[in-house]
There are 2 protein chains.
Amino acid sequence: MARFTPLDQQSIKRQNRRRILEALRRSGPVSRAALARAVGLTKSTVSSLVQEMLEEGLLSEGGPHSAGPGRPGTRLEICGENTLALGVELGVEGTQIVLLDLSNRTHGAWGWAVSPETPLSERLCELAAEVQHHIPDPARLLGVGLTLPGVVNEQALLYAPGPGWRNERPAEMLEALLGLPVVVENDANAAAFGETFWEEHPSPLLYIVLTTGLGTGLVVDGQVYRGRFGAAGELGHWLSGQARSRKEAQDAEDTLSLRAMIKGYQATSGRNEDFWRLLEQARAEDPYAIAALDRLAWELGRFVANLCVAFDPAVVVLGGPGAEAWPWLESPLRRALRDLAFLPEHAELPVKPSAFGHLASAMGAAALVLQRFLADGGARLRSPPTSHRVPSLTVGA
Amino acid sequence: MARFTPLDQQSIKRQNRRRILEALRRSGPVSRAALARAVGLTKSTVSSLVQEMLEEGLLSEGGPHSAGPGRPGTRLEICGENTLALGVELGVEGTQIVLLDLSNRTHGAWGWAVSPETPLSERLCELAAEVQHHIPDPARLLGVGLTLPGVVNEQALLYAPGPGWRNERPAEMLEALLGLPVVVENDANAAAFGETFWEEHPSPLLYIVLTTGLGTGLVVDGQVYRGRFGAAGELGHWLSGQARSRKEAQDAEDTLSLRAMIKGYQATSGRNEDFWRLLEQARAEDPYAIAALDRLAWELGRFVANLCVAFDPAVVVLGGPGAEAWPWLESPLRRALRDLAFLPEHAELPVKPSAFGHLASAMGAAALVLQRFLADGGARLRSPPTSHRVPSLTVGA
DNA sequence: GTATATAGTTCGTCCGCTGAACTTACTAAA
DNA sequence: TTTAGTAAGTTCAGCGGACGAACTATATAC
């Protein structure tokens with residue numbers, strides 16, 4: 001039986017600190033008084049909590065801000081320098097990195113391609129070297145978020161069909177290499193989380209990653225839903241048809257994925273081109289390309305309609321390379337959704353492309369690190385508050 | 001933006017009271033000292049909280065309980081009389097009622113059949129009359145839980161395909177009729193919740209209701225997952241095939257449901273019999289009946305395998321009339337699951353029949369009422385016990 | 001009986017939030 | 001320029017709730 005850790009007064013404090021940080025993150029620089037109103041605490045409480053956080057170097061004071069009569073407030077801000085998080089997407093075909101902080105600033109974003117067969121350990125070493133070279137003073141980071149294109153269960157990778165990895169422990173490996181806390185997550189889950197972390201979205205949010213294959217991530221009330229083994233949302237592997245074994249069976253990816261669409265396009269047009277070329281053709285109004293995208297959109301609409309009777313999301317966000325085709329997808333998708341919706345409400349379900357494009361997973365990974373930090377009310381995860389005022393850090397944008 | 005209600009010391013107290021109640025509910029009569037160990041509080045804290053709850057009539061003291069050397073403890077128990085909850089399942093073909101309390105005692109269970117076309121208002125009046133007649137002093141109830149075979153969103157019924165109800169407000173109606181708080185929930189969700197409330201289960205738990213149609217309920221960490229409109233888990237309406245409209249389309253119920261199975265059975269055997277007769281035939285080893293059940297089991301296994309890549313449950317519970325066929329379903333289902341599992345882990349997924357048979361939904365409904373009560377730390381939802389609520393209460397002394 | 005062990009109570013202490021009173025710093029009108 | 005008005009931020013006594021040590025109560029083992 002789980003050991004209970006009953007709430008104590010400190011947990012209240014932690015909670016209130018978290019709320020202050022979240023309010024600051026959302027509403028930008030505001031005064032203590034405004035903060036108190038926003039989080040529902042008294043001025044005195046906010047004042048003393050803010051005082052602490054200032055001393056810890058978590059917040060910083062800006063100039064006075066006058067608005068109408070009365071004493072002007074002092075602008076409070078989250079100190080970005082001390083709340084840096086690194087987000088890394090280890091994709092099948094490349095690695096993508098972003099460096100962010102809690103004040104919503106992006107300090108850098110870069111990536112590179114890799115060969116799909118590279119072993120995970122090699123990818124991690126490569127990553128570690130990159131971090132050591134390009135990030136001055138990595139010890140200041142709160143941590144590293146790492147996403148993988150596979151099933152992640154309790155920081156372990158169970159299975160990644162794309163690159164063919166099985167039963168790996170990337171968190172431990174990377175922690176050893178970098179000496180930093182590492183959070184591992186499935187790529188679609190991370191992207192879904194990132195979307196809710198930086199944008200205003202209703203809950204539940206369902207994120208669909210449309211790439212070679214198909215995957216989804218679900219965030220409910222700010223929490224990633226993973227299921228027992230982290231396989232929740234692996235809907236690309238939903239079986240249709242009557243086959244007696246998984247190998248013979250057809251799955252959702254076989255009809256809904258860029259791979260499937262390109263196959264159809266190649267068959268009808270006779271052209272042997274990849275997704276990006278196909279998009280170019282569509283821009284040039286090539287009927288084969290447009291027909292292929294239309295079929296994709298319809299399949300996607302059918303899929304979304306089905307997700308409504310499974311997860312009943314309040315919003316659906318489309319990500320992955322497939323999202324680049326959004327202009328061609330939107331209206332046929334909407335039509336399919338209207339024709340196939342179970343509830344009339346589902347026909348109006350908001351569906352939109354990701355706000356972060358190809359950075360979505362990496363941004364989500366970083367968000368997971370920041371989220372952890374917030375959950376602890378901004379407690380220093382490492383290097384307890386001995387010397388708080390550390391020299392400032394600037395990273396190439 | 002949601003109004004924040006920051007934690008105060010009272011919420012800690014409420015939380016601790018809840019934990020004490022939950023520990024007592026699980027572990028039966030125990031001493032204050034044992035309780036303190038179980039919930040991780042000090043003896044003094046437990047003592048004072050228990051003192052209060054005794055005075056409120058929430059707990060009662062039993063005789064001393066001696067175990068080895070040392071002063072024997074005083075057995076503490078939840079007072080059933082003051083924690084009664086009524087659970088009602090309004091099914092398509094009948095109404096089922098249970099009367100329970102927090103100490104896990106069943107005070108009664110009964111039901112009756114109704115005509116499927118009866119309007120909802122009539123069903124509720126009939127129910128109210130039944131309650132007034134058969135329950136002495138209904139005012140003592142903590143509340144009534146009501147389940148409906150349809151989509152329930154924020155206490156309103158959006159759509160119930162079975163009886164054909166749409167946009168009804170059963171909670172308000174029943175509250176007016178009975179003068180009691182009412183909680184409304186989808187039948188599968190309630191059954192799922194009941195299963196986690198009274199049995200030890202890992203999370204997430206997925207409950208499959210196999211009746212004429214097909215529905216599921218999901219409970220994650222003790223919370224029912226409903227989605228935006230309460231349509232989550234309406235998987236009977238998952239579409240397969242390429243149809244262009246919902247009417248023409250085939251859905252999961254068309255292949256996986258008792259209706260579908262019976263249709264198949266009637267076609268092969270030429271016999272025009274219902275599910276219960278089919279079960280009798282199976283008991284008599286009729287090959288047609290057994291073949292029909294085998295097909296059902298296989299479809300169910302395929303469905304469960306798919307649910308693993310959608311919800312990735314830690315346990316699946318089978319309910320509804322279909323669960324009565326469990327002896328014939330178990331092994332073919334297991335086989336299908338093994339052949340179709342995405343992860344090796346999924347092949348071993350625990351699948352079991354509901355512990356509560358045809359009472360499952362009604363028990364779940366009652367559980368929802370009790371759960372609310374617990375969440376408030378056992379605060380009287382109605383009729384505050386004289387001096388303990390508004391005036392400043394004297395602790396200890 | 002004596003020793004030991006456990007149950008339950010009492011009371012002083014600590015911690016975090018509150019609310020009222022206060023100081024500070026600005027705007028606007030006289 | 002003065003003065004009233006208003007809002008920001010600080011201070012401090014007080015309160016509620018958990019804690020822990022010391023205490024009392026009541027059993028078993030010998």
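So you know, we letter chains A, B, ... as the sequences are listed, proteins then strands, and number each from 1.
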- If you check the A:Thr42 side chain, which of C:dG19, C:dG16, D:dC19 turns out closest? C:dG19
- Query: What is the ring orientation for B:Tyr225 with A:Tyr225, classed by angle as parallel under 30°, tilted 30 to 60°, or perpendicular over 60°?
  - Reply: parallel
- With respect to the phosphate group of D:dG9, does any side-chain polar atom (N or O) of A:Arg75 fall under 4.0 Å of OP1 or OP2? no
Produce the list of close N/O pairs, under 3.5 Å, pairing protein atoms with atoms of nucleotides 24-28 of chain C; give distances to one decimal.
residue : atom : partner : partner atom : Å
C:dT24  : O2   : A:Arg71 : NH1          : 3.3
C:dA25  : N3   : A:Arg71 : N            : 3.3
C:dC26  : O2   : A:Gly70 : N            : 3.3

- Donor + acceptor pair across side chains of A:Asp221, A:Ser203 (<3.5 Å): yes
- Task: Taking A:Ser27 for its side chain and A:Leu24 for its backbone only, find out whether a donor-acceptor pair lies under 3.5 Å.
- Result: no
- Note on the structure: Comparing nearest nucleotides in DNA chain C, the 5'-proximal residue of the pair B:Ala33, A:Arg14 is B:Ala33
- Message: Heavy atoms only, 4.0 Å cut-off, all strands: where does A:Ser48 land among base, sugar-phosphate and nothing?
- Response: nothing
- Item | Rounded distance (Å) that lies between atom P of C:dT6 and atom NE2 of B:His65 | 14 Å
- Message: Under 3.5 Å, is there any donor-acceptor pair linking the side chain of B:Gln9 to the base of D:dG16?
- Response: yes
- Message: Any base atoms under 4.0 Å from B:Ser31, or only sugar-phosphate, or nothing? Heavy atoms, all strands.
- Response: sugar-phosphate
- Item | Lys/Arg N to Asp/Glu carboxylate O, B:Glu22 vs B:Arg18, below 4.0 Å | yes
- Task: Could I get the full list of salt bridge (Lys or Arg N to Asp or Glu O under 4.0 Å) partners for A:Glu185, not counting sequence neighbours?
- Result: A:Arg226
- Message: Assess whether a salt bridge exists between B:Glu56 and B:Arg17, defined as any Lys/Arg side-chain N lying under 4.0 Å from an Asp/Glu carboxylate O.
- Response: yes
- Query: Quick one: does B:Lys13 reach the base of D:dG17 with a side-chain donor-acceptor pair under 3.5 Å?
  - Reply: no
- Task: Starting at atom CD1 of A:Ile20, determine the distance to atom C1' of D:dG9, rounded to an integer number of angstrom.
- Result: 14 Å
- Which of these nucleotides, C:dG16, D:dA8, D:dC19, is closest to any side-chain atom of A:Lys43? D:dA8
- Task: Please check the phosphate of D:dC12 (OP1 and OP2 only) for any side-chain N or O of A:Ser44 closer than 4.0 Å.
- Result: no
- Query: Hey, is the side chain of B:Asn16 poking within less than 4.0 Å of OP1 or OP2 on D:dG17, counting only N and O atoms?
  - Reply: no
- Item | Earlier contact from the 5' end, DNA chain C, for A:Thr45 and B:Arg32 | B:Arg32
- Item | Qualifying residues under salt bridge (Lys or Arg N to Asp or Glu O under 4.0 Å), relative to B:Lys43, sequence neighbours excluded | none
